[in-house]
There are 2 protein chains.
Amino acid sequence: VRLRGFADLATVARAHAWIDGRAASLPAEEVELDAALGRVAAAPIVAATDHPPVPRAGIDGYAVRSGDLVGATSYDPVSLTVQPPALAIGGGAAALVAAGAPLPPGADAVLGFDAAQPAGAAVEAVAAVAPFAGVDRPGQQLRAGSVVAPAGRALGVRELALLAALGVRRVSVVRRPRVRIVIAGPKEAGAPDAHGAALGALVARDGGDPSVERAALRGALGAPPAGSTPDLVLATGRTGTGSDDDAAPALAAAGELALHGVALRPGASAGLGVAGGSPVVLLPGDPLACLVAYELLGGRLVRRLAGRPPELPHRACDAEVRRKIVSAVGFVEVCQVRLVDGRIEPLGVFDFGGLAAASRADGFVVVPAALEGYAPGARVTVHLHG
Amino acid sequence: VRLRGFADLATVARAHAWIDGRAASLPAEEVELDAALGRVAAAPIVAATDHPPVPRAGIDGYAVRSGDLVGATSYDPVSLTVQPPALAIGGGAAALVAAGAPLPPGADAVLGFDAAQPAGAAVEAVAAVAPFAGVDRPGQQLRAGSVVAPAGRALGVRELALLAALGVRRVSVVRRPRVRIVIAGPKEAGAPDAHGAALGALVARDGGDPSVERAALRGALGAPPAGSTPDLVLATGRTGTGSDDDAAPALAAAGELALHGVALRPGASAGLGVAGGSPVVLLPGDPLACLVAYELLGGRLVRRLAGRPPELPHRACDAEVRRKIVSAVGFVEVCQVRLVDGRIEPLGVFDFGGLAAASRADGFVVVPAALEGYAPGARVTVHLHG
């Protein structure tokens with residue numbers, strides 16, 4: 001490849017097949033609910049009990065027997081004796097309850113403060129209440145056996161809050177893949193680069209646990225990090241056809257270079273292989289090509305290991321093409337686009353970087369290898385940048 | 001309020017006006033590019049130079065003078081002498097270059113390896129190249145003076161990569177607001193809860209730096225944390241009308257209770273005030289009401305302090321209502337909805353929690369106080385859950 005160019009490029013489909021054959025969901029582990037945000041359910045999480053488990057006050061007010069208040073109005077209030085909430089509510093009695101508290105036995109409704117007038121040791125009800133008014137009935141929110149989160153679901157704020165309300169303390173989640181990121185660095189020594197922070201953020205988004213180091217790949221693959229073996233290595237830079245492009249030879253020397261050169265634009269110099277028992281993804285050094293190859297190749301591996309759906313994780317929407325999108329047949333092309341009045345326009349020239357255009361883009365379109373682009377008026381799927 | 005109910009509720013608009021009057025963007029600070037992910041530009045970030053600053057090879061190959069190769073084909077190749085890339089390219093010469101390297105003086109194009117045949121100390125060109133073919137021209141990606149990120153933009157992966165490519169090492173960003181989260185805890189002692197993790201994640205999403213503690217509000221407001229003064233306090237729980245609901249009195253005792261009770265459903269028992277010089281937002285203890293009050297009130301404060309747009313940060317889309325959404329006039333209601341074939345359906349009953357429904361929702365609709373809901377066929381804005 002070096003000084004010769006890529007003789008033949010693997011299709012993206014072949015690269016995906018290689019990835020899919022090497023990455024299964026990691027084993028499960030138990031974590032405390034407080035530490036489960038963003039973690040992926042290893043198996044369906046099912047409600048063990050009804051929620052709420054017993055009748056509860058749904059509002060602050062007085063627990064009452066609705067039958068006592070038939071016909072109550074502000075002109076003809078019904079007086080009830082206030083008693084402690086631990087006792088059963090008998091005829092003509094009421095007890096102060098706070099929202100969320102179990103309903104005292106005998107009560108079947110909660111009278112809100114807007115309809116209650118305190119009067120010494122009694123309270124006057126100035127409105128009737130229907131049975132179960134102000135009451136959260138057993139199973140009203142969730143029945144025992146309901147699925148709170150299917151396997152593969154990343155637990156969000158709402159799932160965590162619900163599990164907490166159900167009394168769940170620990171959940172079984174997929175272990176987070178340890179992802180070793182090796183930055184060969186930009187070609188000009190000393191120039192700043194943001195590959196590490198950017199890739200780390202994307203790996204974390206996909207459920208991985210990133211660690212970043214700057215090193216030459218040849219040395220790094222021979223010297224795995226002190227701690228535990230990584231589940232995946234992402235290496236950036238030196239994947240091209242120049243004389244200093246030693247990433248692919250380094251991987252071949254350290255293990256196996258399964259493929260180098262993918263019919264993907266930008267990102268064609270990406271490679272895949274194995275070293276030290278871990279899959280290795282070679283990402284181009286060009287910043288935009290690196291990000292694109294991560295999204296389509298590296299990220300797929302991270303997501304599979306993390307137990308997530310392997311597809312692109314971006315929110316997608318359908319939109320109409322406003323200005324022609326041009327793409328080379330034989331290549332999967334990732335075209336940065338802008339939304340203008342709900343329609344999309346391609347941005348910039350992508351053979352030569354296009355990072356500036358990408359930073360102004362609202363999302364991207366993945367043009368399949370069989371197509372030479374999209375004509376105005378076509379409806380396409382846009383993957384929206386976060 | 002306690003044991004009486006809320007006599008009158010502040011409108012959400014009034015709560016927003018209070019927030020907007022107390023929260024301006026925090027001062028700027030300089031950070032290294034590596035630490036700038038997710039940080040908010042304090043001022044427009046402008047490219048100081050053209051990008052690229054000089055003509056560069058856009059592909060790996062040989063730097064050439066395009067005029068030398070007029071008429072070259074595989075039947076009639078043109079032979080060029082290969083010389084070191086540091087020298088100027090004279091007539092009949094070529095030099096190996098890697099993508100991203102500065103173009104040697106004299107060259108005006110790069111011949112890719114697919115059109116080049118090495119032959120000892122020479123190379124044979126088997127195709128002509130147009131002037132500037134394979135060359136990334138100065139300013140082609142970005143002109144000096146272009147805005148890379150406007151003030152208030154949260155820097156993403158693409159902006160960071162572009163700034164790195166421009167040679168930027170440090171950027172001026174808005175200081176992250178320190179947000180002290182005080183969890184009064186659920187009413188049943190010892191029950192697990194996920195308020196802390198959930199609120200922490202939402203604060204981080206909005207650009208804040210959260211710290212979580214579990215404490216009674218009365219004690220906590222009197223004893224600020226050892227380190228620096230928080231920019232904002234979020235307190236959860238005990239905001240209602242029950243006998244143990246002491247959050248509002250605690251805030252009034254520690255400083256100022258500006259308002260308690262907001263015409264928002266769920267979330268009506270929220271409150272706002274000031275203690276120890278910091279704004280304080282009281283969030284209900286009910287998990288869903290807490291999340292909703294955070295999104296509409298607390299989050300707005302965090303976002304303003306962080307220099308972000310104060311509006312809801314969720315991705316929004318327009319959708320048609322498929323099943324009637326019911327809402328009480330006079331209340332801003334946050335209705336959890338599900339997308340079914342591109343149309344929305346409300347989920348569950350929200351007076352009494354509705355957390356289980358919320359965890360199945362795709363997003364939510366904010367029904368303004370003036371409306372009693374939306375009829376089927378209405379088009380509304382849906383805020384999508386992340």
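Chain A is the first sequence line, chain B the second, and so forth, proteins listed ahead of strands; every chain is numbered from 1.
Scored by the side chain to side chain contact (heavy atoms under 4.5 Å, CB included) test, B/Arg338 finds B/Leu347, B/Arg360, B/Asp362 as partners (sequence neighbours excluded). Legend: residues meeting side chain to side chain contact (heavy atoms under 4.5 Å, CB included) with B/Arg205, ordered by chain and number and at least two apart, are B/Leu202, B/Tyr294, B/Glu295, B/Arg303, B/Pro313, B/His314.
Ionic pairing of A/Arg56 and B/Asp286 is not present here: no N-O contact between side-chain nitrogen and carboxylate oxygen is shorter than 4.0 angstrom.
No donor-acceptor pair under 3.5 Å is formed between the side chain of A/Arg315 and the backbone N or O of B/Arg315.
Counting heavy-atom pairs closer than 4.5 Å to chain B, the top-ranked of the candidates A/Gln117, A/Glu32, A/Arg158 is A/Arg158. By number of non-hydrogen pairs under 4.5 angstrom with chain B, the leading residue of A/Tyr62, A/Phe6, A/Phe113 is A/Phe113. Note on A/Val97, A/Leu384, A/Leu96, A/Leu166: by heavy-atom pairs under 4.5 Å with chain B, the leading option is A/Leu384.
Within the 4.5 angstrom heavy-atom criterion, no atom of A/Arg137 approaches chain B. Contacts of A/Leu162 with chain B are made by both backbone and side-chain atoms, with heavy-atom separations under 4.5 Å. Residue B/Ala361 touches chain A through both its backbone and its side chain, counting heavy-atom pairs closer than 4.5 Å.
Counting all heavy atoms, side chain and backbone alike, A/Asp34 lies closest to B/Ala197 at O-CB, 3.5 Å.
Here the straight-line distance linking atom CD1 of A/Ile59 with atom OG of B/Ser269 works out to 13.0 Å at 0.5 Å rounding.
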